[in-house]
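Encoded as C-alpha cells, the structure appears first; notes follow it.
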There are 2 protein chains.
Amino acid sequence: MSAKHQDLEIQTRIDHILARLREEGFRVTPQRLAVLEVLAASENHPSVEAIYDQVRRRFSTISLATVYKTISLLKEIHEVLELGFADRSSRYDGHKPYPHPHLICTRCGRIQDPELSSLEELTREATTQTGFEIVTHRLDFFGLCNDCRCEE
Amino acid sequence: MSAKHQDLEIQTRIDHILARLREEGFRVTPQRLAVLEVLAASENHPSVEAIYDQVRRRFSTISLATVYKTISLLKEIHEVLELGFADRSSRYDGHKPYPHPHLICTRCGRIQDPELSSLEELTREATTQTGFEIVTHRLDFFGLCNDCRCEE
DNA sequence: CGGATAAAAATAATCGTTATTAATAAATAA
DNA sequence: TTATTTATTAATAACGATTATTTTTATCCG
Ligand SMILES: [Mn+2]
Ligand SMILES: [Mn+2]
Ligand SMILES: [Zn+2]
Ligand SMILES: [Zn+2]
C-alpha cells in the first residue's frame, strides 16, 4: 500500500467521523479534530496516554480530561472501539469500531487484528446451546508477537 | 444431578485445593477454608463482595483484605480463574481454573459456561495467520440470558 | 457580529484494589 | 512443654486511572 493511498484512507476516515459528529449535533472543535486525527492515523490501538502524548505535540494546552471526554464521545457515536482491561488500561481502535478479535503481545504491548472466519460459527454454537441472546462479544488472544518470539 | 452427588463434588474440589495449598507450603487457616468453600460451592462466578458477604455469615470478623489476599493466593496456585472487567469488577470461577468462554447476561449479571467445540480451531487459525505464539485467551459473550430474554 | 450554550481546562472526588503495619496464630526448635 | 520464628490476619492508609465538578472559553446559528 502506497503512502499516498494510506493518507487518503486516513483522511476518508477522518471525514466520516466529522460527518458523524455533525450529524449527531456535536460541535467540531480543534481538540476533537486533533484526537480523532491521531486515532485515524494510528495502526497500533493506542492507549489514552499515547493519544494524549501525540495530541500534545501540536496542541500543548489540551487537558487529559478532554482527551477522555472526546474518546467517550466517539464511543457514544460508535466510531471507536474500546478495549478495556482489568488493570484499568484501555486501548482504542479507530478503524474498526465494532467487536472483533485481537492478538495482544504480553511482552511489547502490540495489538493486532487477525481475520478469523470461524468466529460466527462459534457465536451460533453458543446461542443454540444456552438460549442466550448474544448482543456482543470480546475475544482476546494473549501471547508473543512474531518479533518478540524471535528475540526471546 | 442429585443434591448428594453435588455435595460430594464440592467436597472433592475443596479437598483438592486444600491439598494444593499444603503442597505449595501454604497454611490452611479457617479464613482460607471459608473462602474456598464459598468458591467451591458457588455455581455463579461470584464477585469479591459476594464471597465476602457469604463468608461473613459464618466468620463475622474476617477482613475484606483477607478475602482479596486469599483469592490472590488461589490465583497464584492456579486454582481459581479471575474474570476481571474494565469497570474494576471481577468474578471468579473456582471450578474450572483455566481459560474458557463465558456467557454474561448484561441484565442480571449471571455468568454461565458454555461448551464450545470450535474454539481450538479458532486459536489455530489465529496462530497460523499472524505468527503469534498464543499462550492464553479470553472470550466473553454478552447478551441476555434465557430468563431475562423472556421477561423483557 | 452577539448571545445561547456546548465544550475545554483545571482540579477535586471516586472507589475497587493494594500496600503497610501491628497484632495474632501456627509451625518449629529447644 | 515453652521459647522462637515465621506466616497470616485485621485494620487502615495509599494508590491511580477515570469521572465529576466548577469555572472559563469558544463554537455555532441567526
Ligand atoms: Mn482492532
Ligand atoms: Mn467459568
Ligand atoms: Zn511483541
Ligand atoms: Zn439474565
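The shown structure was predicted, so the numbers you read here are calculated from the model rather than taken from an experiment. Each chain gets a letter, A, B and so on, in the order the sequences are listed, and its residues count up from 1.
Using a 4.0 Å heavy-atom cutoff across all strands shown, B:S72 reaches no nucleic acid atom at all. Heavy atoms of A:I62 sit under 4.0 angstrom from primed sugar atoms or phosphate atoms, though from no base atom.
Rounded to an integer number of Å, the gap from OH of B:Y52 to P of C:dC15 is 17 Å. Here the C1' atom of nucleotide C:dG16 and the OH atom of B:Y92 are 10 Å apart, to the nearest Å. Between the CZ atom of A:F59 and the C1' atom of D:dT25 there is a distance of 12 Å, given to the nearest Å. Rounded to an integer number of Å, the gap from CG of B:L73 to C1' of D:dT9 is 13 Å. Rounding to whole angstrom units, NZ of residue B:K69 and P of C:dA19 are separated by 9 Å. Between the CZ atom of B:F85 and the P atom of C:dT17 there is a distance of 12 Å, rounded to whole Å. In this entry the distance linking CG of A:D53 with P of D:dA17 reads 13 Å, nearest Å. Between the CD atom of B:E82 and the P atom of C:dG16 there is a distance of 15 Å, given to the nearest Å.
Neither OP1 nor OP2 of C:dG16 sits under 4.0 Å from any side-chain N or O of A:R88. Side-chain nitrogen and oxygen atoms of B:T29 include none within less than 4.0 Å of the OP1 or OP2 phosphate oxygen of C:dA26. In this model, the phosphate group of D:dA10 is approached by a side-chain N or O of B:Q31 to a distance below 4.0 Å at OP1 or OP2.
Salt bridge status for B:D53 with B:R56: present, with a side-chain N to carboxylate O gap under 4.0 Å. With salt bridges taken as basic N to acidic carboxylate O contacts below 4.0 Å, one links A:R110 and A:D147. Under the 4.0 Å criterion applied to side-chain N and carboxylate O atoms, A:D140 and A:R138 are assigned as salt-bridge partners. Checked for salt-bridge contact, B:E9 and B:R13 miss the test: no charged N lies under 4.0 Å from a carboxylate O. Remark: B:E37 engages B:R58 in a salt bridge, criterion side-chain N to carboxylate O under 4.0 Å.
The side chain of B:T66 has D:dT9 as its nearest neighbour among C:dA9, C:dT17, D:dT9.
Position along DNA chain C of the nearest nucleotide to B:V28 versus A:R27 favours A:R27 as the more 5'-ward residue. For the pair B:A65 and B:F26, nearest-nucleotide mapping onto DNA chain D gives the more 5' position to B:F26. Along DNA chain C, the nucleotide closest to B:E49 and the one closest to A:T61 are compared, and the more 5′ of them pairs with A:T61.
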